[in-house]
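This report refers to the structure that appears directly beneath it.
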Amino acid sequence: MIKVLVVDDSLSVARQLEKIISESGDFTCVGHAKNGAEAIKMNHTEDPEVICMDMNMPGMDGLTALRTLSVMDKDVKVVMVTSLGGVGDKFTEAIKLGAKNVISKPFDADTVLRILREL
Amino acid sequence: MAVKFFGQFLVEQGAVTSSALLDAIELQDKKNVKLGEMALAMGLITPEEIQRAHNAQMSHDIKMGDLLVKMGFLTPDQLSDLLTRQKNTHLYIGEALVQIGSLTQDQLQKHLDDFKADQAQYVSNGIELPVKTANDSIWEMTADITYKMITRVLDLQYRPGKCAVATAITPNFMMAAMDFSGDVEARYLISVSEGLQKSIAKVILSEDSVDNEPAEVLEDTVMEFVNVVCGNVAAKASQMGILMNINPPVTLSLPSCGLKAPDGHTVLCFPIHIEDGEKMEIFLLIKN
């Protein structure tokens with residue numbers, strides 16, 4: 001089972017993602033961080049292989065956390081999950097900072113799992 | 001299922017890798033000459049003038065071309081000619097991917113067709129505003145995307161009411177808001193009745209019943225709907241050349257008598273009639 005950390009300030013999005021991940025059969029959710037700072041801490045304690053992270057969060061946002069994670073942990077694969085995915089420069093910035101892909105909201109289970117399996 | 005730009009669509013579909021996309025963007029950066037550089041290369045302005053314009057741009061929130069005209073370095077005709085040249089020589093991301101060998105012309109055409117079909121759902125059908133405001137097309141598009149997301153995300157039947165200028169914001173069971181900044185300044189506000197809040201929560205959480213969910217989770221589902229709508233509005237605006245930043249959504253509590261429209265703002269109200277008599281209203285508080 002591939003370990004996934006979910007990072008989103010929204011309880012409902014975290015619930016959606018956790019459900020999709022836990023019902024996939026090949027991924028398991030190791031936790032839920034509510035902002036970028038928590039994500040960096042939980043990346044250390046939970047050692048996930050994949051992080052699904054929101055871009056727009058109060059406190060440390062997703063792009064700032066991505067910048068830190070890409071320096072601290074070269075192995076973890078980060079996928080950004082955001083309603084801003086369609087804003088061209090935000091998407092490009094995330095990819096340039098090392099995100100493997102960007103999942104746009106609203107998302108569906110098939111798209112999320114397809115992107116995670118292609119990592 | 002969301003507003004996207006073509007490069008993102010290709011990566012999401014697995015048609016090209018993210019590193020190929022970065023290579024293509026790099027090629028675009030090399031080939032697509034900025035307006036100031038083009039004017040310089042054509043001898044229309046001097047390096048000193050462009051430097052002065054760059055410095056002035058720090059405190060002027062307008063495009064470089066308009067600024068060069070405003071500062072008297074270019075005539076309006078010269079700017080128009082430069083913009084046409086820039087448009088005609090622009091290397092689009094699809095062509096850049098062909099040039100670096102990540103796509104063939106046939107594959108590009110097929111993906112473009114698929115992309116157009118995917119994005120056709122976000123093409124505006126036209127909404128009439130009761131007053132003339134700056135950036136009318138942005139507010140019409142905002143209402144349009146809201147309607148489309150009510151169908152696509154919430155799977156609810158609805159009928160849009162006539163948009164009107166509001167002098168006050170009437171309270172409802174719950175209200176959630178998000179602020180826009182950048183080229184436009186406004187607050188997007190959505191109000192929902194209790195039954196509608198539950199309908200939204202059921203869909204967002206994929207649960208048959210939300211009766212035992214805490215109020216915090218129910219409110220969060222409405223805020224997430226606002227987040228999805230506003231994020232897609234910002235994406236569509238960026239395609240229209242308008243910068244719109246969004247902040248995380250918040251919930252609002254209004255007094256039972258409602259809230260007077262704030263000074264210096266035009267408030268547009270879009271009533272939305274949902275099946276089963278539930279009530280939703282969208283308010284746009286646009287800074288004048």
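Side chains included, hydrogens not; waters and symmetry mates left out as well; all remaining heavy atoms used. Every chain is numbered from 1 and lettered A, B, ... according to where its sequence line falls, protein lines coming before strand lines. What you are looking at is a predicted structure, and each value in this text was computed from that prediction instead of being measured.
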(message) Is it true that, when you exclude E207(B) itself, more than 12 heavy atoms of the residues, nucleotides or ligands shown sit nearer than 6.0 Å to its CD?
(response) yes

(message) Between D73(A) and L69(A) (side chain of the first, backbone of the second, donor and acceptor by atom type, cut-off under 3.5 Å), is there such a pair?
(response) no

(request) Among T28(A), V30(A), V6(A), find the one that has a side chain to side chain contact (heavy atoms under 4.5 Å, CB included) with I21(A). (result) V6(A)

(message) Are more than 12 heavy atoms, taken from residues, nucleotides or ligands other than N212(B), located less than 6.0 Å from that residue's CG atom?
(response) no

(message) With a 4.5 angstrom heavy-atom cut-off, is it the side chain or the backbone of I115(A) that approaches chain B, or both, or neither?
(response) side chain

(request) Would you check if the side chain of K19(A) reaches a backbone N or O of S206(B) as a donor-acceptor pair within less than 3.5 Å? (result) yes

(message) What residues of residues 185-203 of chain B make heavy-atom contacts with chain A at a cutoff under 4.5 angstrom?
(response) none

Please table the atom pairs, donor to acceptor, closer than 3.5 Å between any side-chain atom in residues 240-253 of chain B and protein atoms at least two apart or in another chain.
none

(message) What part of L205(B) gets within 4.5 angstrom of chain A, counting heavy atoms only: side chain, backbone, both, or neither?
(response) both

(request) Flag yes if more than 12 heavy atoms outside D155(B) fall under 6.0 Å of its CG atom; otherwise flag no. (result) no

(request) Examine whether an atom of Q13(B) lies under 4.5 Å from a heavy atom of chain A, and if so say whether it belongs to the side chain, the backbone or both; otherwise answer neither. (result) both

(request) Look only at the side chain of Q86(B) and the backbone of K34(B), and say whether a donor-acceptor pair between them is shorter than 3.5 Å. (result) no

(message) Is L22(B) in contact with chain A via its backbone, its side chain, both, or neither, using a 4.5 Å heavy-atom distance?
(response) side chain

